[in-house]
Undergrad: 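Okay, handing you the structure first.
Any value given below was found using the heavy atoms of this structure, including those in side chains, with hydrogens, waters and symmetry copies removed. Just follow the structure's listing: the first ligand is 1, and inside any ligand the first atom is 1.
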Amino acid sequence: MVSQFELQVPIYNAAGCKCTTKEDLNNIASSSAGAIQTKSCTLAKRSGNQPPKYWDNGTISINSNGLENEGYQFYLDYANEYSQSINASNQKPIILSVAGLSLDDNTKIITDTLKNNSIYALELNLSCPNIGGIPVSSDVEVFNEYLNNIISATSYNHSAKPIGLKLPVYTTRWHFEKVSHLVNKYDISFITCSNSMPNCLQFEHINNPGEDIMTSKPVILNKLGGGGGGEFMKGIVLGQIYQFRNQLSENVKIVMCGGIRYGMDCYEGQLAGANYFQVGTQYMVEGTSCFDRI
Ligand code: SIN
């Protein structure tokens with residue numbers, strides 16, 4: 001039985017965007033976002049990739065964060081503290097984004113999180129484009145086995161906590177069919193479409209005063225490339241939502257993540273089949289006022 005993923009206010013932050021530190025999370029807590037989603041966390045604290053890790057020009061972004069986070073226990077402790085300090089009727093649901101580096105790590109994080117009453121839901125991120133290797137969710141056979149192992153090793157099937165999957169961008173009908181089958185088969189409560197677009201490259205050009213030659217360099221100098229987000233992702237993400245909506249069971253919710261800047265973008269997401277909306281680049285650019293405005 002799928003645990004229903006239900007939010008009263010449908011717009012909140014994408015994992016990865018200003019949601020790593022206590023201060024970040026407190027800012028979201030005091031905004032009009034419908035939920036507080038944490039940075040994708042690992043078993044232990046990580047400092048991630050070498051800087052620069054993030055760039056945007058106001059409408060598109062590139063990130064190569066490399067899962068910099070405080071370690072999952074920090075986020076569970078934050079959730080406990082939050083739920084004890086805020087009147088229950090004013091509390092926002094907290095969604096833990098989980099990106100353990102191995103099956104064992106994910107099993108441990110999920111097992112402990114399912115026991116934590118202050119976390120409302122988990123978003124399992126098996127699609128990070130910034131840590132090298134092939135993301136688990138890009139290979140359907142591997143993905144199937146991975147989910148099967150996680151579900152047998154944890155009490156997920158007996159938990160009332162919704163668990164969702166943050167998916168990468170897929171480009172073939174075959175992938176939509178196979179991944180939908182897995183989501184239906186493993187009673188996944190929601191999917192998030194999509195993680196950032198892997199391997200994006202953006203140059204910046206600097207005019208040196210008094211010289212005829214400009215200097216050009218990639219905004220993120222990292223062999224692993226950078227995940228692209230922002231305006232250009234909207235059409236890509238709408239297509240993902242539309243394809244999945246046609247193949248997923250009705251009770252599986254779809255969260256749109258990519259290219260949301262205005263309320264109209266959410267409306268188009270709804271037309272394609274989305275139920276909820278995460279804001280990434282626009283939240284980085286505008287801050288928490290975007291949740292109110294959108
Ligand atoms: C990162 O930490 O590099 C981003 C995480 C993600 O987008 O999956």
Undergrad: Using a 4.0 Å heavy-atom threshold (strictly under), name the region of K166 that reaches ligand 1: side chain, backbone, both or neither.
TA: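 Contact part for K166 vs ligand 1: neither.
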Undergrad: Determine, step by step, whether Y262 and Y267 satisfy the ring pair (Phe, Tyr, Trp, His ring centres under 6.0 Å) criterion, reporting the C-alpha distance in whole Å, the side-chain angles of both residues, the deciding distance to 0.1 Å, and the verdict.
TA: CA-CA 9 Å; Y262 304 107; Y267 171 65; over 10 Å; no
Undergrad: Any nitrogen or oxygen of P129 lying under 3.5 Å from a nitrogen or oxygen in ligand 1? Just yes or no.
TA: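 N/O-N/O distance below 3.5 Å does not exist for this pair.
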Undergrad: Which of the atoms of ligand 1 are close to N125, meaning less than 4.0 Å from one of its heavy atoms?
TA: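 Near N125, the atoms of ligand 1 are 6 (C), 8 (O).
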Undergrad: What atoms of ligand 1 come within less than 4.0 Å of a heavy atom belonging to N63?
TA: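 Per the distance check, 3 (O), 4 (C).
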Undergrad: What about Y12 and F291, are their ring centers closer than 6.0 Å?
TA: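 That pair fails the under 6.0 Å test.
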Undergrad: For atom 5 (C) of ligand 1, what's the nearest protein heavy atom and its distance?
TA: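 Result: C128 SG, 3.6 Å.
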Undergrad: Taking 4.0 angstrom as the limit and counting only heavy atoms of N130, give me the atoms of ligand 1 inside it, by number and element.
TA: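 So the atoms of ligand 1 that pass are 1 (C), 3 (O), 4 (C).
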Undergrad: Just distances here: any N/O of K39 and N/O of ligand 1 closer than 3.5 Å?
TA: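 It does: an N or O of K39 is found under 3.5 Å from an N or O of ligand 1.
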Undergrad: Under the criterion side chain to side chain contact (heavy atoms under 4.5 Å, CB included), I'd like the reasoning laid out for L114 against L122: C-alpha separation, chi angles, the key distance, then a yes or no.
TA: CA-CA 9 Å; L114 291 178; L122 290 93; 3.9 Å; yes
Undergrad: Going by the closest heavy atom to atom 1 (C) of ligand 1, which one wins out of T42, N69, T20, L67?
TA: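 Residue with the shortest heavy-atom distance to the ligand atom: L67.
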Undergrad: Among T21, T38, N26, which residue satisfies the side-chain hydrogen bond (donor to acceptor under 3.5 Å, both in side chains) criterion with Y78?
TA: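 One option only clears the test, and that one is N26.
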Undergrad: Strictly under 4.0 Å, does any heavy atom of S40 approach an atom of ligand 1?
TA: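 No, S40 has no heavy atoms under 4.0 Å from ligand 1.
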Undergrad: Distance-only, no hydrogens or angles: does the Y82 side chain make a donor-acceptor pair with backbone N or O of K92 under 3.5 Å?
TA: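 Answer holds: yes.
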Undergrad: Is it true that the side chains of T42 and D105 contain a donor and an acceptor less than 3.5 Å apart?
TA: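 Side-chain D/A pair, T42 to D105: absent.
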Undergrad: Might you point out which heavy atoms bring C19 and A14 nearest each other, and give the distance in Å?
TA: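 Taking every non-hydrogen atom into account, SG-O, 4.0 Å.
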Undergrad: Evaluate the criterion ring pair (Phe, Tyr, Trp, His ring centres under 6.0 Å) for residue pair F5 and Y276; output intermediate values, then yes/no.
TA: CA-CA 10 Å; F5 180 61; Y276 300 115; 5.5 Å; yes
Undergrad: Which atoms of ligand 1 are found less than 4.0 Å from any heavy atom of N195?
TA: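 Counting atoms of ligand 1 from 1, those under 4.0 Å from N195 are 6 (C), 7 (O), 8 (O).
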Undergrad: At less than 4.0 angstrom from any non-hydrogen atom of G66, what atoms of ligand 1 do you find?
TA: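 Under 4.0 Å from G66, ligand 1 has these atoms: 1 (C), 2 (O), 3 (O).
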